[in-house]
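Numbers for residues simply follow the sequence, beginning at 1.
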Amino acid sequence: MNASSMIIFNYIGIFVNLYIWEKDKSIFDVTWFNLVMFLAWSFAFAIGSRLLSRFSTRLLIRTTAICGGLTFLLLSFLHLDNRLLWIAIIAIPIGIMWGFYASTQNITLCVYGKGKDFEGYFSVASIIGQLVSIINPIVFAFIIKWIGYSGSFLLMILFVGILLTVSFYIPPISLAEAKEPLFRRMRFSQVFSSRALRWMVPSCLFAGFFLQFQGLFALIFTFSVSGDKLIIALLNVLYASSTIAAMTLYRRMKTKEGIWLTVGMLFISAGFLLPLFPKAPVLIASNILTTVGLFYFGTVWNTRQFRVISQHTAIEQARILLWREWFLNVSRITMLILILFVKELKGPVFIGLIALALVSALMIPWFSRKGSDAFEQQAQAAVLDR
């Protein structure tokens, strides 16, 4: 499921954004696309979580595939004079697709994942993601050069078909057996009932700021270096290869989680400072640093949070994850609204956003450690009570 979906998401992340960028080289257009997409994602995640109380993950993956097919058909055949409306129409099914997929993946992890399983899962998922990140851009760069964007959009429908086929074989997980509705006990105080869970809130909010800054400007930095699709693909391969090197180091060195997280955030912080000197080699170096940092961040941060969440019942986990996604997306959307005012890679607005992303990145290790310490204290207290 991960492999087939990552091929689709990787293509969208690079080439649909590039397709939008190429017309006017506008930061606003790419930001608007991502803003509408995350708004749709937030609603879709909530709806997807609600649907899982009646239906299984198979339905959501099929809906994800259908939205993917609709996206590529719209890209192939929809033409409007109003560019912002056209971008929004393209972004909505992509957001629904991503939101439904994220809710499916999260519930699957909650049902099947326990304790140390999460580190293994996120590590393997990262390997799949990096392999896709190496092969996918180069293959589709050649395909686009050969048959154009329209041909590649239609070809992507083939991978949507593979995802649709996969949906018939994944475990039919749902929350149908839960004794109470998902939204019955959804108040903040009811969901975040422990100190370990409450530390997730600022952690997610701050993570959303720097994740969105990195996610959007990594693309724009790459697009600014070259307009050649093959060069853009090769740069993405370079970023993926850097992540694989970071993963190899992570597996070989027996170092505490907290140290890896701190190292990751320092890499990201250094990467955020480099664009103050927006030259092509510097922008590439910035992306390498932030990509490596994101591997360490994603592996440790997600592992820690899912370890805390896994101690709760399935319906409680669904509520926590729903709130978690909202917190992440609120800060992501806020960052995107601020980026709408950026015209070029300089000026006070751009520098201010770098500062916000930098502070957010540096705060993450502290929030994560506080949450992890609270969880360990909670676990020790539970053992003593027994």
Side-chain angles (χ1 to χ4, degrees), residues 1-22 61 64-65 67-69 71-72 75-76 94 97-98 101-102 105 120-167 169-170 214-216 218-223 225-251 283-285 287-299:
M1 184 180 74
N2 275 340
S4 55
S5 61
M6 282 180 181
I7 291 171
I8 299 169
F9 295 153
N10 178 269
Y11 177 91
I12 290 171
I14 298 173
F15 293 108
V16 173
N17 276 287
L18 180 60
Y19 185 62
I20 292 169
W21 166 266
E22 282 184 337
I61 291 298
T64 296
C67 286
T71 296
F72 295 115
L75 283 165
S76 299
I94 293 174
M97 177 172 60
W98 243 311
Y101 181 80
Q105 186 182 53
Y121 169 79
F122 286 115
S123 182
V124 172
S126 180
I127 292 172
I128 295 172
Q130 297 315 316
L131 288 174
V132 170
S133 296
I134 288 174
I135 299 170
N136 218 50
I138 294 177
V139 170
F140 278 99
F142 279 114
I143 288 172
I144 292 170
K145 282 180 173 290
W146 179 37
I147 57 177
Y149 275 112
S150 296
S152 71
F153 295 152
L154 295 175
L155 183 60
M156 283 304 299
I157 294 177
L158 172 64
F159 291 98
V160 170
I162 294 173
L163 183 59
L164 186 62
T165 303
V166 167
S167 71
Y169 296 95
I170 61 171
Q214 192 278 337
L216 187 69
L219 288 170
I220 292 173
F221 294 162
T222 303
F223 298 162
V225 169
S226 174
D228 187 289
K229 296 172 183 62
L230 185 57
I231 297 297
I232 290 171
L234 290 173
L235 286 173
N236 279 278
V237 169
L238 174 62
Y239 307 149
S241 300
S242 302
T243 305
I244 291 174
M247 180 175 59
T248 302
L249 192 64
Y250 177 80
R251 285 175 170 270
L283 295 177
I284 294 170
N287 280 354
I288 291 172
L289 287 172
T290 57
T291 303
V292 170
L294 278 177
F295 168 76
Y296 294 133
F297 162 78
T299 301

Discussion item. Run Ile288 and Ser242 through side chain to side chain contact (heavy atoms under 4.5 Å, CB included) and show every step you take.
Written reply: CA-CA 7 Å; Ile288 291 172; Ser242 302; 3.6 Å; yes
What are the two closest non-hydrogen atoms of [X] and [Y], and how far apart are they?
X	Y	result
Ser76	Leu154	OG-CD2, 3.8 Å
Ala246	Tyr296	O-OH, 3.0 Å
Leu219	Gly13	CD2-O, 3.2 Å
Asp228	Lys145	OD2-NZ, 3.7 Å
Gly68	Val160	C-CG2, 3.9 Å
Met97	Cys67	CB-CB, 3.9 Å

Less than 4.5 Å apart, side chain to side chain, heavy atoms only: is that true for [X] and [Y]?
X	Y	value
Pro137	Asn10	yes
Gln214	Phe297	no
Phe9	Asn136	no
Phe140	Ile14	no
Ser241	Ile244	no
Leu158	Phe72	no
Tyr239	Thr243	no
Phe15	Tyr19	no

Mind checking the [atom1]-[atom2] spacing from [X] to [Y]? Nearest 0.5 Å is all I need.
X	Y	atom1	atom2	result
Thr299	Leu294	OG1	CG	10.0 Å
Ile231	Leu238	CD1	CG	11.5 Å
Ile170	Ile61	CD1	CD1	5.0 Å
Leu234	Leu230	CG	CG	4.5 Å
Thr64	Ile8	OG1	CD1	9.0 Å
Met156	Ile162	CE	CD1	9.0 Å

Item to complete: Would you check, one step at a time, whether the test side chain to side chain contact (heavy atoms under 4.5 Å, CB included) holds for Tyr149 with Leu18?
Response: CA-CA 10 Å; Tyr149 275 112; Leu18 180 60; 3.5 Å; yes
Practice prompt. List the steps, then state whether side chain to side chain contact (heavy atoms under 4.5 Å, CB included) holds for Ile143 with Lys229.
Written response: CA-CA 10 Å; Ile143 288 172; Lys229 296 172 183 62; over 6 Å; no
Practice prompt. Evaluate the criterion side chain to side chain contact (heavy atoms under 4.5 Å, CB included) for residue pair Asn287 and Thr222; output intermediate values, then yes/no.
Written response: CA-CA 8 Å; Asn287 280 354; Thr222 303; 3.0 Å; yes
